[in-house]
Structure formats: structure tokens, C-alpha cells
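Below is one structure; the comments refer to it alone.
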Amino acid sequence: QVQLVESGGGLVQPGGSLRLSCAASGFTFEYYAIGWFRQAPGKEREGVSCISSSDGGTYYTASVKGRFTISRDNARNTVYLQMNSLKSEDTAVYYCAAADFDSVSCPSDESQYDYWGQGTQVTVSS
């Protein structure tokens, strides 16, 4: 069956780093765009970053540009989100999602994502 499993979350001090992983199984990973989303308490879920299926085109929301880097390893069916210079406002549950979207770009709406993981908590606090 389809599975997306996030890992790598935790508690980190402001300015610190974490690397999230999203391990996929049960579908043809290389044909799917993979997105990272987050939801903070009392807030709506927002898109953070995405990497396309074709040529690995990437997208970042403005608040994380220059601090977060998304990458994929198709041989390991895994997408990574390297998060540096973390801020308290990055605190949220982070989810990865997969979209059957064989394109150089990423889906424009989260409704286009087919599969979702269960999430991993990231807490940035001193």
C-alpha cells in the first residue's frame, strides 16, 4: 500500500538546523512531485516547498527561501528538507505529500496531492 513516512523532526534552538526525510513506498516515486507542508497551532496548513518529478524543479514559500533546501533521491524513494537558521515561527507539524504530476513544475494547489504522510513535529524554542 501507499506510504509516506516523515522523520527528522524534534526540538531545536533558534538558529539551529534539522533535516526532515520523507520516505515513500507503494507508488512509482520518480513520476510524482513531492511537497512539504506545515501546520502551526491555530493556523491553516501552508505549502513550504516542493520538488517536481521531472528535472527536480523546486519551489519555496517566501518565508523559507534561502534557509530551506529540498532535494530528492529517486534511488531511495526519499525527499529531504534541510532546514537551517530555524526561527520560532517555523514551529509546526510538517507533512510531506505526493502528487501524480509529471512536469517540470509543482502543483499549484494542495488539492492536487494524492497521498499524505502523518506528519512530524518541529519545535523551535530556546
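All values below were derived from every heavy atom in this structure, side-chain atoms included, with hydrogens, water molecules and symmetry-related copies excluded. These numbers come from a predicted model, not from an experiment.
With ring centers used as reference points, Tyr113 lies 6.0 Å or more from Phe101.
Counting non-hydrogen atoms of neighbouring residues, nucleotides and ligands closer than 6.0 angstrom, the CD atom of Gln82 exceeds 12 such neighbours. Heavy atoms from other residues, nucleotides or ligands lying under 6.0 Å from CZ of Arg45 number more than 12.
Checked by atom type, the side-chain pair Gln121/Thr123 shows a donor-acceptor distance below 3.5 Å. Side-chain atoms of Thr78 and Asp73 include no donor-acceptor pair closer than 3.5 Å.
The closest side-chain heavy-atom distance from Arg72 to Ile34 is below 4.5 Å. Looking only at side-chain heavy atoms (C-beta outward), Ile51 and Tyr59 stay at 4.5 Å or farther from each other. Counting heavy atoms from C-beta on, the side chains of Thr69 and Tyr60 come closer than 4.5 Å. By the 4.5 Å heavy-atom criterion applied to side chains, Glu46 and Arg38 are counted as neighbours. Phe68 is not listed as a side-chain neighbour of Trp36, based on a closest heavy-atom distance of 4.5 Å or more. Side-chain contact between Tyr32 and Tyr115 is present, with heavy atoms from C-beta onward closer than 4.5 Å. Two residues are said to be in side-chain contact when any heavy atoms from C-beta on lie closer than 4.5 Å; Leu81 and Ser49 meet this criterion. In this structure, Lys87 and Arg67 have side chains that are in contact, with non-hydrogen atoms separated by less than 4.5 Å.
Separating the OG1 atom in Thr28 from the CG atom in Asn74 is a distance of 11.0 Å, to the nearest 0.5 Å.
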